[in-house]
Structures are given as structure tokens and as C-alpha cells.
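Worksheet: the structure to be examined is printed underneath.
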Amino acid sequence: MDELSIEQRLQQISERIDSACSKVGRDPAGVRLLAVTKTFPPEAVDEACRAGLDQMGESRIQEARQKLPLCSSRITWHFIGHLQRNKVREAVEYFSMIHAIDSLRLLEAVDKACAEVGKRLPVLLEVNVSGEASKYGIPPGEVPQILDVAGRFLNVDIAGLMTIPPFSAEQEDARKYFKKLRELRDQWAGSHGFALKELSMGMSHDFEVAIEEGATWIRLGSMIFGNRKYKPAGNDMQEEC
Ligand SMILES: *Cc1c(COP(=O)(O)O)cnc(C)c1O
């Protein structure tokens, strides 16, 4: 895989996206590809940009602070990591969408920072569908309470949900979590009047199943850029370092 250019990998990825879509009768235009650039240098980001990608994701504020100024201004940046409240202001300044709001307090802090910066941001609620204790994300049972009060946050747009299933090399194992997220979305969209249109789910090893279950954003890192030099220990995927 490493001898392929990013452009060649993207070609293969787009064929796989198309075939996952046709399996379930979806329009590929409804699946957005987020290129996860964490640990990769600005040169790799540039190459991805030249290959036509313009939606990119980072999961650490420290890394984004250094990298983003060196990258093309054509890029729309998404924050996909666990966000600490003391870094919210910076996150709101750098990013155009936040994928992993994992508490009401964080939602409140992001709303407040948006007001200060003069921005309105789409955000996704991260749901801990599997209930793994080691995972970030809101337990499904607590999401309705957040949606109940979310209407008062005028500077964020609750655009949908995000999840990270337990790691498994078998992508079929992830299906039930993706399916569950979609079902929860349908339920909450009906009961709370938010469309919750976006479902951010699926990474390099399970994106096809995620698409079959309704993903509107897939987040691919290693599939586009190759293996990262460090090995994230499964559940510290979103850890700040
Ligand atoms: C790193 C990361 C990804 C991309 O992972 P790959 O397995 O390299 O595709 C997706 N989502 C989140 C939240 C991440 O931290």
C-alpha cells in the first residue's frame, strides 16, 4: 500500500465508497470523506489537497496549532478528538465543525466560545453506543436531556451524531454499533425536532459497513496517508497528547 500515491489510494477508496453505496441504494454524493491528517506533515496534507480533498480532520489542538497555518487555506478543518474545555476557544477559532461533543458542559463551552469569536458552528454529539467505560461519548440514555436544552444554544447547530465502535479487525463487528447510532438518530430526530442529518461514523477499517448503515461522514486516516508512526492503543484514539 505504501508505494501508492495518495491520488491512487483515493481512486481505490472512491470505488469502494461507490460499491458500498450501490449495495444499499445510496447516492455516493451523500457520503463525505474526511481525511484525518493527525501525525502527518503539511506536505502530506498538500498532496491530499492536490488530489482533490478539502475536508480534513485533526484530533489534537497542539498539533493543529502548529500544522494548520502551514496548510492550504482551501481546506475546511474538522476537529474530531476529545476536546478539553480549556482548549475550546482555540478549537472554535481553527475549526469549522466539531465532531465529538461529549458532554453538556462542553456543548455550553463551545456555544459560548462561538459567541465570543462571532461564529456559528455545526457540531455533532459523540454517543458511546457500546457503553465501553474506556470510551468518550455521551451514554445514549443521557442524550435526550441534552437535546431538551440544546435549543438555547444559539451559536451551534446540532447537525448530527458521531460514534467510534469498539476496535475490531472484523468490520462486520462494527455494524451493530453503526446501526444503533442510526436508529437512535431516527428516534431522537422524531422526538426532539432536530434533523440530526449527519452521522459521522466509519474509519479506515470499517467505513464500508458504516456507509451501508447510513454514514454521511467517514473519517479516514491510514487508508489515505498510510500507517501512522505511533500505535494508538485502541481506546486512546481520541486522547490529547
Ligand atoms: C485517527 C482517527 C480516525 C482515523 O483513523 P484511521 O483508522 O487511520 O482511518 C478517525 N476518527 C477519529 C476520531 C480518529 O481519532
Side-chain angles (χ1 to χ4, degrees), residues 1-2 4 6 9-10 12-14 16-17 20 31-41 44-45 47-48 51 53 55-64 67-68 75-84 87 91 94-103 106 122-130 132 134-138 159-174 177-178 181 198-211 213 215-241:
M1 177 165 168
D2 274 329
L4 296 181
I6 288 178
R9 286 182 201 160
L10 276 178
Q12 296 179 343
I13 291 166
S14 95
R16 289 173 59 180
I17 292 173
V31 180
R32 312 282 316 268
L33 173 56
L34 186 66
V36 179
T37 54
K38 67 182 184 207
T39 78
F40 295 104
V45 176
E47 190 185 343
L53 292 176
Q55 305 292 316
M56 313 247 181
E58 280 284 334
S59 61
R60 294 174 179 80
I61 295 295
Q62 290 91 326
E63 193 176 337
K67 190 186 298 182
L68 271 50
I75 299 169
T76 300
W77 289 98
H78 298 236
F79 192 74
I80 61 172
H82 170 65
L83 183 55
Q84 296 171 330
K87 301 205 178 77
Y94 302 157
F95 293 92
S96 300
M97 177 155 163
I98 297 179
H99 283 234
I101 300 289
D102 55 12
S103 69
L106 180 61
V123 301
L124 307 179
L125 302 180
E126 177 177 5
V127 184
N128 183 354
V129 177
S130 65
E132 282 178 294
S134 60
K135 277 252 157 64
Y136 291 110
I138 307 161
L161 308 174
M162 178 266 206
T163 201
I164 303 175
F167 181 82
S168 164
E170 270 303 318
Q171 66 164 325
E172 273 305 324
D173 293 344
Y177 303 104
F178 296 147
L181 191 70
E198 308 294 346
L199 292 177
S200 172
M201 56 190 198
M203 315 196 311
S204 291
H205 61 283
D206 57 16
F207 71 92
E208 286 147 309
V209 164
I211 290 170
E213 296 301 333
T216 63
W217 284 99
I218 54 172
R219 309 178 308 265
L220 306 189
S222 48
M223 183 67 68
I224 297 172
F225 297 104
N227 289 326
R228 286 182 288 276
K229 293 289 183 289
Y230 76 96
K231 197 122 189 74
N235 61 27
D236 60 42
M237 181 67 70
Q238 291 186 300
E239 216 67 58
E240 285 271 350
C241 65

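Counting starts at 1 for both ligands and their atoms, in listed order. Numbers for residues simply follow the sequence, beginning at 1.
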Determine whether any heavy atom of K38 lies closer than 4.0 Å to an atom of ligand 1. yes
So does M223 get a backbone contact from the side chain of S204, meaning a donor-acceptor N/O pair under 3.5 Å? yes
Non-hydrogen side-chain atoms of F79 and I61 separated by less than 4.5 Å: yes
By number and element, which atoms of ligand 1 are closer than 4.0 Å to a non-hydrogen atom of R219? 4 (C), 9 (O), 10 (C), 11 (N), 12 (C), 13 (C)
In a check of side-chain contact (heavy atoms from CB on, under 4.5 Å) between H99 and each of L34, L161, L125, V123, which one passes? L34
Is it true that E208 and R16 make a salt bridge, defined as a side-chain N closer than 4.0 Å to a carboxylate O? yes
Is a donor from one side chain sitting under 3.5 angstrom from an acceptor on the other, for W217 and E198? yes
Note: ligand 1 atoms sitting under 4.0 Å from heavy atoms of L220 are 9 (O)
Contact atoms of ligand 1, heavy-atom distance to I164 under 4.0 Å: 13 (C)
Any side-chain heavy atom of F207 within less than 4.5 Å of one from V31? no
Have a look at ligand 1 and work out which part of I80, if any, has a heavy atom under 4.0 Å from it: side chain, backbone, both or neither. both
Heteroatom proximity flag, G221 to ligand 1, N/O under 3.5 Å: yes
Measuring from non-hydrogen atoms of R228 to any atom of ligand 1, is the shortest distance under 4.0 Å? yes
